[in-house]
Colleague: 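Got a structure here, written out as structure tokens. Questions coming.
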Amino acid sequence: MQRRIRTRFAPSPTGPLHMGGVRTALYAWLFAKKNAGDFLLRIEDTDQNRFVPGAEQYIIDALHWCGITIDEGVSVGGTHTPYRQSERKEIYRSYAMQLVESGNAYYAFDTAHQLEQQRKNAEEKKETFSYGSATRMKLNNSLALSVDEVKELLSKNVAYAIRLKIPENETITFTDLIRGVVSFDSNLVDDKVLLKSDGMPTYHLAHIVDDYLMEITHAIRGEEWLPSAPAHILIYRYLGLTAQMPHYAHLPLLLKPDGKGKLSKRDGDRLGFPVFPLEWKDPSTGEVSSGYRESGYYPEAFVNMLAMLGWNPGTAQEIFNMNELIAAFSLDHVHKAGARFDLEKTKWYNTQWMLRQPNEAIAKRIKPMVATRTGISADDVRLSDNYLTACVALLKPRVQFEKEMPEKGIYLFKAPSEFDQTVISKKWKTEFISFFKMLSDEFMTLQDWSSQLAEQTFKTTAEKNNIKPGEVLQLFRVFVSGQAQGVDLFPMIQLLGKDEVIKRLETALKFV
RNA sequence: GGCCCGUUCGUCUAGGGGUUAGGACAUCUCCCUUUCACGGAGGAAACACGAGUUCGAUUCUCGUACGGGCUACCA
């Protein structure tokens, strides 16, 4: 019988989730949804030293913002509670003891200091210390010590860790869903700690116990876990759970755009772009890191961009909403090599998504920004839905982010107080004054007011003055908007209204 | 250093024994627009290198180089 597909995202609450983590979550979620399965959120808080308050909530909020829904997990509950590893502490011990009893794990009494010494000694000999088959019999553990010695240490409550006993001379092979067959020489795998001396499990033990108990079918995680995969395979084997072992898929890493290395939390804003989905304020330092949300990105654009970084649909389609991503997603179209993050393309995705937003919706969202920027009162027509929607239509092709609109189109809300001097000094001739005065008068006499009518009037007035429209058009724009460039001129004239245009024109003429 | 993974335009990528090696972002040119954008058309731009297999390798194999990851009682 085919098991129900279940994937999980299992972050450690050591700070805000960065975009690489979001991508891992996204792929795991897409895979689950594609296969009509479940997606779980489990919190791996087994390292008490690295716990950061607020991080767990941040993770939940970030996933929510991205539209990644959680079927089971820390925020929503489920049939496999609890979903926070610190609350499952006792469960792991019994599995660790089972491994000790079957001879596949052992007590290690070495102190942190002793291990540090070992590393230092090895380093002096230009070697690397590894706690494994080659060294374990010379160390302070239940394999090297006599039964009585071990008993005594245990009875005296001497702190110990439990380590996995990696076999000698074995090739450990498994099939990764993305990379195919991968194999390792067991002699090069170290005896990983399973249970720490504080009683908490390490990732290695905890994720396996939980994946098993939570009936995870596909463990999708970053490539940084590939080197410890052989130890994980062995743990499943020694626990007699090989049949229940999930399929592993190791995702390529997200790389820094500038050069070297994987994208990390610590990159913060150093590279000139957010690495986090949402803004984060460090609770201890108060330092604020920017987020995509606060920078004006749509979650759809952010998710779309992440999905395409390392995965492709096999078609030329680039813009995907969530449902389309689910329909198109497949692990075998995940690229093997790491993907370098590209800010320009990310902005392009946002622009594409902005172009697809209804004007009315954007109008509603920019309304408060326009109000604060201009100080115009709430009942002013320029803050009406109709007026703002018309502004959005005009501004849309000229910005990448909707939040740019209030500033970019400031002249749609406020008469200019300054005029682009470059245009004026280049184009202005004193004899134009009569043209603009006549234009103002002609406008005044118009019964109707429209883009076409204004344009027609502009042209005929120019002709009457023996002026080519092109000579004064740019000046007209500057007089009305203050700026040399902007939205389509006559539609803007129509939108501003006859009285406003005349008023602006007259004000401007006093300046030249 | 050791182990593992990887390598197609600047970037994200498609492709895969015989192709004019395709698309997107960015870039350049032109058109549209009497502005700036949007849009449209076009250009430049890539199979890391060396062997082997083969009639034929960018594609398969091996090696080298380069890149990345891991090498904690962190995840």
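The chains referred to below are lettered A, B, ... by the order of the sequence lines, with proteins before strands, and numbering in each begins at 1.
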Colleague: Specify the separation, in whole Å, of atom CG of A:Asp342 and atom C1' of B:U27.
Modeller: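 These atoms are roughly 13 Å apart.
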
Colleague: Taking a pair as Watson-Crick or G-U wobble with both distances under 3.5 Å, which nucleotide is matched to B:G1?
Modeller: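 Check on B:G1: paired to B:U71, both distances under 3.5 Å.
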
Colleague: Which residue is it: A:Lys427, A:Lys426, A:Lys429? I am looking for the one with a salt bridge (charged side-chain N to carboxylate O under 4.0 Å, His left out) to A:Glu471.
Modeller: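 Only match with A:Glu471 under salt bridge (charged side-chain N to carboxylate O under 4.0 Å, His left out): A:Lys429.
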
Colleague: Work out how far the P atom of B:C28 is from that of B:U58, and round it to whole angstrom.
Modeller: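 Roughly 33 Å separates the two P atoms.
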
Colleague: Does A:Thr46 reach a base, just sugar-phosphate, or nothing at all? Heavy atoms under 4.0 Å.
Modeller: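 It contacts sugar-phosphate atoms only.
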
Colleague: Where along nucleotides 60-65 of chain B does protein come under 4.0 Å, by heavy atom, of base (B) or sugar-phosphate alone (S), with - for untouched nucleotides?
Modeller: ------

Colleague: Could you tell me whether A:Thr351 contacts a base, only the sugar-phosphate backbone, or nothing, with contacts defined as non-hydrogen atoms closer than 4.0 Å?
Modeller: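 No contact at all - A:Thr351 keeps every heavy atom at 4.0 Å or more from the nucleic acid.
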
Colleague: Counting the benzene-type ring for Trp, do A:Phe302 and A:Tyr292 have ring centres under 6.0 Å apart?
Modeller: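 That pair passes the under 6.0 Å test.
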
Colleague: Is there a donor-acceptor pair closer than 3.5 Å between any side-chain N or O of A:Asn465 and the backbone N or O of A:Ile467?
Modeller: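 No: the side chain of A:Asn465 does not pair with the backbone of A:Ile467.
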
Colleague: Is the side chain of A:Asp267 donor-acceptor paired with the backbone N or O of A:Ser264 at a distance under 3.5 Å, no angle test?
Modeller: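 Yes; at least one donor-acceptor contact below 3.5 Å.
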
Colleague: Would you mind classifying the nucleic acid contact of A:Asp110 as base, sugar-phosphate or nothing, using non-hydrogen atoms under 4.0 angstrom?
Modeller: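 Base, at least one base heavy atom under 4.0 Å.
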
Colleague: Under the salt bridge (Lys or Arg N to Asp or Glu O under 4.0 Å) rule, what pairs show up with a residue in residues 200-210 of chain A, not counting sequence neighbours?
Modeller: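 Of all non-adjacent pairs touching residues 200-210 of chain A, those that pass salt bridge (Lys or Arg N to Asp or Glu O under 4.0 Å) are A:Arg42-A:Asp210, A:Arg88-A:Asp210.
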
Colleague: Applying a 4.0 Å non-hydrogen cut-off, can you work out what A:Val182 is touching in the nucleic acid: base, sugar-phosphate, or nothing?
Modeller: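 Sugar-phosphate only.
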
Colleague: So does A:Arg221 get a side-chain nitrogen or oxygen closer than 4.0 Å to the phosphate oxygens (OP1/OP2) of B:C70?
Modeller: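 No, because none of the side-chain N or O atoms of A:Arg221 sits under 4.0 Å from OP1 or OP2 of B:C70.
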
Colleague: With no hydrogens and no angle check, do the side chains of A:Gln98 and A:Tyr238 hold a donor and an acceptor under 3.5 Å apart?
Modeller: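 No, A:Tyr238 and A:Gln98 have no side-chain donor paired with an acceptor closer than 3.5 Å.
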
Colleague: Do A:Tyr131 and A:Asp110 have side-chain N/O donor and acceptor atoms under 3.5 Å apart?
Modeller: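 Indeed, the side chains of A:Tyr131 and A:Asp110 share at least one donor-acceptor pair under 3.5 Å.
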
Colleague: Using the P atom as the reference point in each nucleotide, state the distance between B:C25 and B:G42 in Å, no decimals.
Modeller: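 Each nucleotide's P atom is 14 Å from the other's.
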
Colleague: In whole Å, what is the span from the CD atom of A:Glu318 to the P atom of B:U11?
Modeller: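 A:Glu318 atom CD is separated from B:U11 atom P by 17 Å.
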
Colleague: For B:U13, take OP1 and OP2 only and decide whether either is under 4.0 Å from a side-chain N or O of A:Asn312.
Modeller: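 No, outside the criterion.
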
Colleague: How many whole angstroms separate atom NZ of A:Lys256 from atom P of B:G10?
Modeller: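 Answer to the nearest Å: 23 Å.
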
Colleague: Using atom CH2 of A:Trp225 as one end and atom C1' of B:G6 as the other, report the distance to the nearest whole Å.
Modeller: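 One finds 20 Å between C1' of B:G6 and CH2 of A:Trp225, rounded.
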
Colleague: If you only use heavy atoms from C-beta on, which nucleotide in B:G68, B:C70, B:G23 is closest to the side chain of A:Ala316?
Modeller: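 When the side chain of A:Ala316 is considered, B:G23 is the closest of B:G68, B:C70, B:G23.
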
Colleague: For A:Lys396, report the nucleic acid contact type (base, sugar-phosphate, nothing); a contact means any heavy atom under 4.0 Å.
Modeller: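 If one applies the 4.0 Å heavy-atom cut-off, A:Lys396 turns out to touch nothing in the nucleic acid.
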
Colleague: Among all residues two or more places apart in sequence or in another chain, which pass the side chain to side chain contact (heavy atoms under 4.5 Å, CB included) test with A:Val303?
Modeller: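 Here the qualifying residues are A:Leu26, A:Cys66, A:Met322, A:Leu325.
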
Colleague: Now, which nucleotide makes the Watson-Crick or G-U wobble pair with B:C25, with each of the two distances under 3.5 Å?
Modeller: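 WC or wobble partner is B:G10.
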
Colleague: Does the side chain of A:Asp191 reach to within under 4.5 Å of the side chain of A:Arg136, using non-hydrogen atoms?
Modeller: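 Yes - at least one pair of side-chain heavy atoms lies under 4.5 Å apart.
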
Colleague: Check A:Lys347 with A:Glu344, please: is the shortest side-chain N to carboxylate O separation under 4.0 Å?
Modeller: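 So A:Glu344 pairs with A:Lys347 through a salt bridge.
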
Colleague: Is there a donor in the side chain of A:His250 and an acceptor in the side chain of A:Arg221, or the other way round, less than 3.5 Å apart?
Modeller: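 Yes, because at least one side-chain N or O of A:His250 sits under 3.5 Å from a partner of the opposite role on A:Arg221.
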
Colleague: Checking all strands, does A:Leu195 fall into the base, sugar-phosphate, or nothing category for heavy-atom contacts under 4.0 angstrom?
Modeller: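 Nothing: the residue A:Leu195, judged by heavy atoms under 4.0 Å, touches no strand.
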
Colleague: Is A:Arg356 paired with A:Glu300 through a side-chain N to carboxylate O contact shorter than 4.0 Å?
Modeller: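 Here A:Glu300 does not pair with A:Arg356 in a salt bridge, since their nearest N and O are not under 4.0 Å apart.
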
Colleague: When you compare B:U34 with B:G43, how far apart are their P atoms, in angstrom units rounded to a whole number?
Modeller: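 Going atom to atom, P in each nucleotide, I get 28 Å.
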
Colleague: Is A:Arg23 positioned over the aromatic face of A:Tyr27, cation under 6.0 angstrom from the ring centre and no more than 45 degrees off axis?
Modeller: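 The answer is yes, since A:Arg23 meets both limits relative to A:Tyr27.
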
Colleague: Encode nucleotides 30-39 of chain B as B, S and - characters from 5' to 3', where the letter depends on protein heavy atoms closer than 4.0 Å: B to the base, S only to sugar-phosphate, - to neither.
Modeller: ----BBBBS-

Colleague: When you check the phosphate oxygens OP1 and OP2 of B:A75, does a side-chain N or O of A:Arg50 lie under 4.0 Å from one of them?
Modeller: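 Answer is no, no contact under 4.0 Å.
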
Colleague: Would you kindly give the CZ-to-C1' distance between A:Phe184 and B:C3, to the nearest whole Å?
Modeller: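 Between C1' of B:C3 and CZ of A:Phe184: 8 Å.
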
Colleague: Please report, rounded to the nearest Å, how far the C1' atom of B:U13 is from the CG atom of A:Leu306.
Modeller: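 Roughly 16 Å, once rounded to whole Å.
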
Colleague: So, the side chain of A:Glu407 versus the backbone of A:Glu404: is there a donor-acceptor pair under 3.5 Å, distance only?
Modeller: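 Flag not set: sc A:Glu407 to bb A:Glu404 has no pair under 3.5 Å.
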
Colleague: Quote, to the nearest angstrom, the P distance that separates B:A57 from B:A51.
Modeller: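 Result for the P pair: 12 Å, nearest Å.
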
Colleague: For RNA chain B, whose closest nucleotide is more 5', that of A:Gln400 or that of A:Ser228?
Modeller: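 The residue whose closest nucleotide sits nearer the 5' end is A:Gln400.
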
Colleague: Does the distance from a Lys or Arg side-chain N to an Asp or Glu carboxylate O, for A:Arg50 and A:Asp47, drop under 4.0 Å?
Modeller: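 Salt bridge present between A:Arg50 and A:Asp47.
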
Colleague: Looking at A:Lys345 and B:A26, is any side-chain donor or acceptor paired with a base atom of the opposite kind under 3.5 Å?
Modeller: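 Looking at the base of B:A26, it does not pair with any donor or acceptor on the side chain of A:Lys345 (distance under 3.5 Å).
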
Colleague: Can you check the distance between B:U64 and B:A21, where both ends of the measurement are the P atom (answer in whole Å)?
Modeller: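 Approximately 31 Å lies between the P atom of B:U64 and that of B:A21.
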
Colleague: Expressed as a whole number of Å, how far does the C1' atom of B:G22 sit from that of B:U8?
Modeller: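 Here B:G22 and B:U8 have their C1' atoms 11 Å from each other.
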
Colleague: Which residue, A:Ala337 or A:Asn49, contacts RNA chain B at a nucleotide closer to its 5' end, judged by nearest heavy atom?
Modeller: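 Checking each residue's closest nucleotide, the 5'-ward one belongs to A:Ala337.
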
Colleague: With sugar-phosphate meaning primed atoms plus P, OP1 and OP2, does A:Gly314 contact a base, only sugar-phosphate, or nothing at under 4.0 Å between heavy atoms?
Modeller: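 The residue A:Gly314 makes no contact with any strand.
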
Colleague: Contact class for A:Pro313 vs. all strands (heavy atom < 4.0 Å): base, sugar-phosphate, or nothing?
Modeller: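 Counting heavy atoms under 4.0 Å across all strands, no contact is made by A:Pro313.
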
Colleague: Between the side chains of A:Lys464 and A:Glu442, is the shortest nitrogen-to-carboxylate-oxygen separation below 4.0 Å, so that they form an ion pair?
Modeller: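 So A:Glu442 pairs with A:Lys464 through a salt bridge.
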
Colleague: Strictly below 4.0 Å, N to O, side chains only: are A:Lys396 and A:Glu402 in salt-bridge contact?
Modeller: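 The answer is no: the pair does not qualify as a salt bridge.
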
Colleague: Please give, in whole Å, the distance from B:A72 C1' to A:Glu224 CD?
Modeller: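 Interatomic distance, CD of A:Glu224 to C1' of B:A72: 15 Å.
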
Colleague: Reading nucleotides 40-45 of chain B from the 5' end, what letters show protein touch, with B for base, S for backbone sugar-phosphate only, - for no heavy atom under 4.0 Å?
Modeller: ------

Colleague: Scan residues 127-142 of chain A against RNA chain B and write down, sorted by residue number, each residue with any heavy atom closer than 4.0 Å; if none is found, say none.
Modeller: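 Close to the strand are A:Thr128.
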
Colleague: Within less than 4.0 Å of OP1 or OP2 of B:A14, is there a side-chain N or O belonging to A:His335?
Modeller: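 A:His335 to B:A14 OP1/OP2: side-chain N or O found under 4.0 Å.
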
Colleague: What interatomic distance, in whole Å, is found between P of B:A65 and the corresponding atom of B:A26?
Modeller: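 Here B:A26 and B:A65 have their P atoms 38 Å from each other.
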
Colleague: Between B:U11 and B:A46, how far apart are the P atoms? Round to whole Å, please.
Modeller: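 Their P atoms lie roughly 12 Å apart.
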
Colleague: With respect to the phosphate group of B:A75, does any side-chain polar atom (N or O) of A:Lys196 fall under 4.0 Å of OP1 or OP2?
Modeller: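 For B:A75, OP1 or OP2 has a side-chain N or O of A:Lys196 closer than 4.0 Å.
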
Colleague: Rounding to an integer number of Å, can you tell me how far A:Ile172 CD1 sits from B:C5 P?
Modeller: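 Computing the A:Ile172:CD1 to B:C5:P distance gives 13 Å.
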
Colleague: Look at the side chain of A:Ser197 and decide which nucleotide, out of B:G69, B:C73, B:A75, has an atom nearest to it.
Modeller: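 Among B:G69, B:C73, B:A75, the one nearest the side chain of A:Ser197 is B:C73.
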
